[in-house]
Amino acid sequence: MAIGSVISNRNFGSFIGSGRLCQTNQAVVHNKGERLHLQGEKVLPKFKYCKGQWCQSIITKQRVIGRCKGYLSSNCSFRSFIQSRKLDKLDNRQYQKSENVKVNRIRADYKPEDIDITETEVDSLTGSGEAVLADANVRKVSAWWEIPKRWVIVLLCFSAFLLCNMDRVNMSIAILPMSQEFNWNSATVGLIQSSFFWGYLLTQILGGIWADKIGGKRVLGFGVIWWSVATVLTPIAAKISLPFLLVMRAFMGIGEGVAMPAMNNILSKWIPVSERSRALSLVYSGMYLGSVTGLAVSPILIQKFKWPSVFYSFGSLGSIWFALWLNKAYSSPKEDPRLSAEEKELIMGGNVSKEPVTVIPWKLILSKPAVWALIISHFCHNWGTFILLTWMPTYYNQVLKFNLTESGLLCVLPWLTMAIFANIGGWIADTLVSKGYSITTVRKIMQSIGFLGPAFFLTQLSHVKTPAMAVLCMACSQGSDAFSQSGLYSNHQDIGPRYSGVLLGMSNTAGVLAGVFGTAATGYILQRGSWDDVFKVAVVLYIIGTVVWNLFSTGEKVLD
């Protein structure tokens with residue numbers, strides 16, 4: 001079923017298959033015989049059925065253009081442009097061939113004897129017997145093995161977060177030989193470990209503001225280079241003096257503090273909502289796998305090459321990442337000249353506002369209940385998470401009677417569990433969205449699992465009888481906690497995509513404060529109580545977070 005016509009060289013939109021009404025920017029066509037209007041000129045198509053196909057003669061006021069038999073196709077090789085509505089003379093020299101292109105067009109196969117032409121200006125139609133009406137936007141067909149550009153951005157962000165946590169946790173291993181070499185007591189060790197958070201807290205909100213104003217590419221690139229340089233300089237600073245080391249650790253925190261807001265900003269522009277949970281879950285799982293890698297590789301490097309090698313080797317990886325980032329990444333699809341038209345249309349068809357941010361509307365942001373739901377829920381979530389991750393080796397040693405080596409090995413287990421379940425949760429969330437569930441419903445379901453799952457498994461710790469069951473409960477607690485990546489961690493882009501960097505900076509500031517205060521409060525509780533009391537406090541905060549989240553959160557855009 002085809003329209004056997006040769007039409008102007010102006011851009012024509014996409015035609016759809018048999019029996020459907022197709023809207024173009026110049027014509028409305030129905031391929032079973034309804035009236036066709038083209039550039040203000042009435043065209044009357046006449047159809048007859050012959051040889052199993054529809055044949056048609058298109059008659060205008062001026063002339064009969066032709067009759068052909070054929071079919072509609074949107075994926076044909078691009079053989080020729082026939083460039084004039086008056087049918088300028090065509091010969092073999094006017095056929096333009098182009099390989100590996102994909103265009104929206106009408107293809108009409110014809111035979112010379114089937115064409116009746118009157119009052120035309122065509123002397124001959126030579127070639128393969130194929131006429132093509134092509135869209136002016138010629139699009140390159142991607143090879144099957146090519147990764148979509150938006151997922152290249154996701155993988156680069158994943159690798160940045162992998163390096164982020166590798167550089168962060170290496171100090172927890174290297175501090176042991178360092179404290180022996182420099183004769184640091186436990187108070188000094190605690191001071192060094194906490195100095196990272198001085199800079200980390202400082203740039204959470206600032207990083208979000210910078211990313212929303214100047215773009216996530218620049219801010220994330222700056223952060224990776226900054227903390228990588230600080231990592232490489234850490235051994236030098238330690239050998240100079242303790243104050244220099246404290247300053248260098250704070251500088252490292254400054255670099256890592258901008259990473260999450262910048263990442264959130266760039267993914268809000270690159271990832272459509274139907275893929276948001278999977279993308280964020282994959283990126284955050286980079287943090288978990290970074291912790292696993294750092295904890296596993298650091299002892300080997302220290303044993304073979306001494307403790308400075310950990311900082312030199314880990315820090316130098318940032319330069320490799322930065323080179324790839326400069327070459328491949330852009331702050332938004334709009335800035336990427338190599339992005340295919342199809343993928344740009346898919347991404348830009350979302351609900352992300354394209355105007356750059358010039359002023360942050362703080363009063364408007366702080367007036368939204370959904371924003372406060374994010375901040376409070378992030379605090380409640382991180383209280384339990386940081387307690388488990390910080391005090392877990394001590395719990396294994398004091399309660400389960402594992403030795404320090406066994407405790408260290410088991411510390412890797414929750415990170416692996418979180419990496420796996422974060423991605424499972426992301427696939428579940430995006431599947432629910434694709435099946436028609438509202439974003440609000442999906443976010444509430446996933447975050448409720450992220451709260452109530454850890455709360456349930458922590459309450460079971462006082463009832464288990466064997467160390468193996470206790471470890472299983474801890475792993476299940478962290479695994480269900482990872483569903484939060486598809487809950488509150490994805491919600492910043494839902495409620496305010498233009499200000500997603502600032503929103504994540506605000507909520508993550510509350511989350512970091514929860515980690516600082518929660519870690520200190522746990523030590524205070526253990527001096528006067530038991531581990532059951534520690535877990536009860538975490539469970540209460542998980543329940544508070546669940547109530548606040550389900551009452552006030554939303555998946556709808558509230559900031560624009």
Side-chain angles (χ1 to χ4, degrees), residues 150-169 200 204 207-208 211 216 220 223-224 227 256-268 270-271 273 275-295 321 374 377-382 384-386 388-389 412-430 442-443 446-447 449-451 453-454 475 477-494 500-501 503-505 507-512 514-515:
R150 63 190 183 278
W151 285 97
V152 172
I153 300 294
V154 170
L155 290 174
L156 285 170
C157 290
F158 165 87
S159 57
F161 276 55
L162 184 78
L163 295 177
C164 176
N165 267 32
M166 284 175 62
D167 291 341
R168 184 187 301 187
V169 303
Y200 191 69
Q204 288 293 314
L220 184 55
V224 174
W227 87 59
E256 295 204 1
V258 305
M260 288 180 67
M263 176 277 301
N264 214 43
N265 172 275
I266 197 169
L267 291 193
S268 71
W270 274 95
I271 304 300
V273 66
E275 300 173 350
R276 182 171 296 163
S277 297
R278 278 175 287 170
L280 284 170
S281 297
L282 180 59
V283 171
Y284 282 116
S285 66
M287 297 179 65
Y288 309 144
L289 293 176
S291 296
V292 172
T293 305
L295 292 171
W321 178 91
L374 267 176
S377 297
H378 209 145
F379 182 91
C380 296
H381 170 266
N382 276 28
T385 301
F386 272 80
L388 291 177
L389 297 179
V412 173
L413 183 60
W415 294 107
L416 285 174
T417 306
M418 293 177 78
I420 294 170
F421 278 86
N423 287 284
I424 291 174
W427 280 97
I428 292 173
D430 284 345
V442 173
R443 298 290 178 249
M446 303 308 288
Q447 189 55 48
I449 296 173
F451 278 143
S477 174
Q478 293 305 97
S480 54
D481 175 279
F483 278 70
S484 299
Q485 311 304 335
S486 304
L488 72 89
Y489 281 94
S490 299
N491 193 234
H492 308 81
Q493 298 179 23
D494 297 328
S500 57
L503 292 173
L504 184 59
S507 71
N508 201 43
T509 297
V512 174

Carefully, step by step, assess N382 and V512 under the rule side chain to side chain contact (heavy atoms under 4.5 Å, CB included).
CA-CA 7 Å; N382 276 28; V512 174; 5.5 Å; no

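- Between the S285 side chain and the I420 main chain, no donor and acceptor come within less than 3.5 Å of each other.
- Distance check, rounded to the nearest 0.5 Å: CG of N423 to CD1 of I428 gives 11.0 Å.
- Considering every non-hydrogen atom in both S277 and R443, the closest pair reads OG-NH1, 3.0 Å.
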Go through the steps for R168 and S291 under the test side-chain hydrogen bond (donor to acceptor under 3.5 Å, both in side chains), then give the verdict.
CA-CA 8 Å; R168 184 187 301 187; S291 296; over 6 Å; no

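- Under the side chain to side chain contact (heavy atoms under 4.5 Å, CB included) rule, L504 has a single partner from N491, N264, T509, which is N264.
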Kindly determine whether L289 and L416 satisfy side chain to side chain contact (heavy atoms under 4.5 Å, CB included), including the steps that lead there.
CA-CA 7 Å; L289 293 176; L416 285 174; 4.2 Å; yes

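- Annotation for Q493 and S500: closest pair CG-CB, 4.1 Å, computed over non-hydrogen atoms.
- Here the NE2-CZ distance, from H492 to R276, works out to 12.0 Å after rounding to the nearest 0.5 Å.
- Remark: L163 CG to T293 OG1 distance equals 9.5 Å, nearest 0.5 Å.
- Taking the six-membered ring where the residue is Trp, Y284 and F161 present perpendicular rings, their angle passing 60° and hence far from 30°.
- Not one N or O on the side chain of W427 forms a donor-acceptor pair closer than 3.5 Å with the backbone of R278.
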Side chain to side chain contact (heavy atoms under 4.5 Å, CB included) between S486 and V442: does it pass, once the steps are laid out?
CA-CA 8 Å; S486 304; V442 173; over 6 Å; no

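- Once rounded to the nearest 0.5 Å, the distance linking CE of M418 with CG of D481 reads 4.5 Å.
- Between C157 and I266, the closest heavy-atom pair is SG-CG2, 4.0 Å.
- Note that SG of C164 and CD of E256 are 3.5 Å apart. Values are rounded to the nearest 0.5 Å.
- Across all non-hydrogen atoms, the minimal contact from Q204 to P261 is O-CG, 3.3 Å.
- Across every non-hydrogen atom of P454 and I449, the tightest pair is CD-O, 3.6 Å.
- Counting all heavy atoms, side chain and backbone alike, L280 lies closest to Y489 at CD1-O, 3.7 Å.
- A donor atom on one side chain and an acceptor atom on the other are not found under 3.5 Å apart for Q478 and Y288.
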Apply the test side chain to side chain contact (heavy atoms under 4.5 Å, CB included) to residues Y200 and N508: give CA-CA distance (whole Å), side-chain angles for both, the deciding distance (0.1 Å), then the verdict.
CA-CA 10 Å; Y200 191 69; N508 201 43; 3.5 Å; yes

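- Atoms OG and CZ, from S480 and F421 in turn, are 8.5 Å apart once rounded to the nearest 0.5 Å.
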